[in-house]
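Numbers restart at 1 for each chain; the letters A, B, ... are given by sequence-line order, proteins then strands. Note that these values count all heavy atoms, side chains included, but never hydrogens, waters or copies made by symmetry.
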2 protein chains.
Amino acid sequence: MAAQPTRRERERQQHRREILAVALDLFSRKGFEKTAMADIAEQAEFAVGTLYKLFEDKNALYRALILDAVERFTQALTAVLTTPGSELERLARYIETKATLFAQNIPTARLYFAQTTGAGFLPTAGLDQEARAIYEKVLSMLEAVFRSGIRKKLIANIDPKMLVLGLEGLSNAFVFELIERPDDLPAETMADLSKTIFFERIHLKGN
Amino acid sequence: MAAQPTRRERERQQHRREILAVALDLFSRKGFEKTAMADIAEQAEFAVGTLYKLFEDKNALYRALILDAVERFTQALTAVLTTPGSELERLARYIETKATLFAQNIPTARLYFAQTTGAGFLPTAGLDQEARAIYEKVLSMLEAVFRSGIRKKLIANIDPKMLVLGLEGLSNAFVFELIERPDDLPAETMADLSKTIFFERIHLKGN
DNA sequence: TGACAAAGTGAACGGCTCTTCATAGATTAT
DNA sequence: ATAATCTATGAAGAGCCGTTCACTTTGTCA
């Protein structure tokens, strides 16, 4: 379809990617505010001015990173949710996918969380809007799965919005742990814990 | 015991409190980095220099706020955990207390979370250390309660550290919601949801 | 009342960071 | 080979912010 892009264009895109990679590294380790454009330029071996040839400004750099991450994660997660199988199976797979996905992309995961979880909290900027909108697609799909499970009497009759909130909170807690102390426990264990706590009862000896 | 403090001292402390109140307001709304000392001074109706007579520097202002908040919350929460009653009852009361406590102190709660949850994530500064240490006392008490519940076969035999992580993640998710959209649902509902999801089974039709 | 101390003030300083732009270099087209 | 176009450079501009300090005002006490 699209004609082979010119060498110039290919190199331009390559440089863009290199800069994004460095920015991801620095933002995820030091945070957005404490990363200076000069830091990124130095580590990427470009001059500051060059960054501004490829990105509008510092926010655009951040946004490119966030949007890419949120889109990739969202795509993978919605894919699992539309997979065949019972509602419970799909939810289980959602949890597993989330755990492995994040475990394999720790720097990206840090950025993702800084946006989605922290967002609304302390407004990180005006940057969240777009990213949050995308993330919310996942949440509404999750909600639909819960709703359908409730209709089929597979799942207790609790406001599905609240079930979403609960499942996200629970699984995020374990993903946080994964991100902060990656060697502590493998991703599967974390996924199993989320599933057990959420779907099995913790409290023995019936009511 | 201590002799009546002089009027000077009382007013000094009053001014200190006024400044702290303004700082809490601004930090919780705009975030630490984006709040300038000049902003605080203006809103508190003092000159910048006066802030520096009462606080070492900007960090000290933040730390005073955080430490006070974390200490108050921690005290209330440890109190409930050492209350008489079964492990399950104590955990239930912990959840309820947490919900009402935070619902009644929303600006403070925002700061608290920015420290405890977000901390370790993107290092907010070196400020967390002390606050985090205090918060971890609550976590280890929670862990002890779980451990004891497991010993008495009241609670499923899952690594208590993980149960703590899960319970915190779950209840924090609801507390977040409470903070972000206070009119959405009352604190008791949030507490009930945490308890139901954590202690009852979501998944019907036992396998 | 007058002198001493404490509290309050805000302009000025220095450091840091984002962003721009005139210049230099490289690549492509003629 | 030469002109034209695109890319890279980094010093300089401009603004913001934390902090200081010489000075003024207010309160205390003899």
Nearest to side-chain heavy atoms of A/R8, which nucleotide of C/dG10, C/dG8, D/dT7: D/dT7

Gap between atoms CD1 and C1', on B/I19 and C/dG8 respectively (whole Å): 11 Å

DNA chain D: 5'-proximal contact among B/A38 and A/R12 (nearest heavy atom): A/R12

Distance in angstrom units between A/M37 CE and C/dC16 C1', rounded: 15 Å

Integer-rounded Å distance: C/dC18 C1' and A/F55 CZ: 16 Å

Of the listed nucleotides C/dT17, D/dG10, C/dT28, the one nearest the side chain of A/A36: C/dT17

Listed nucleotide nearest any side-chain atom of A/V48, set C/dT19, D/dT19, D/dT28: C/dT19

Separation of C/dG25 P from A/K53 NZ (nearest whole Å): 15 Å

Parallel, tilted or perpendicular: rings of A/F102 and A/F73 (30°, 60°): tilted

Atom pair distance, as rounded to whole Å: CD in B/E33 and P in C/dC18: 12 Å

Residue closer to the 5' end of DNA chain C, A/G49 versus A/T35 (nearest nucleotide): A/T35

side-chain N/O A/H15 vs D/dT7 OP1/OP2, d < 4.0 Å: no

Length of the CG-C1' vector between B/L51 and D/dT19, whole Å: 11 Å

Rounded distance in Å - CG (A/D57) to P (D/dA14): 19 Å

Selection from C/dT19, C/dG8, D/dG18 that lies nearest to any side-chain heavy atom of B/K58: D/dG18

Nearest-Å distance for atom pair CZ/C1', residues A/R16 and D/dA8: 17 Å

Pairwise side-chain contact, B/H203 with A/F198, heavy-atom cut-off 4.5 Å (strictly under): no

pair B/L26-B/V22: side-chain heavy atoms closer than 4.5 Å: yes

Side-chain N or O of A/T50 closer than 4.0 Å to phosphate OP1/OP2 of D/dT9: yes

Side chain A/T196, main chain A/D192, donor-acceptor under 3.5 Å: yes

B/Y52 or A/A47, whichever maps to the more 5' nucleotide of DNA chain D: A/A47

Under-4.0 Å salt bridge between A/E168 and A/K98: yes

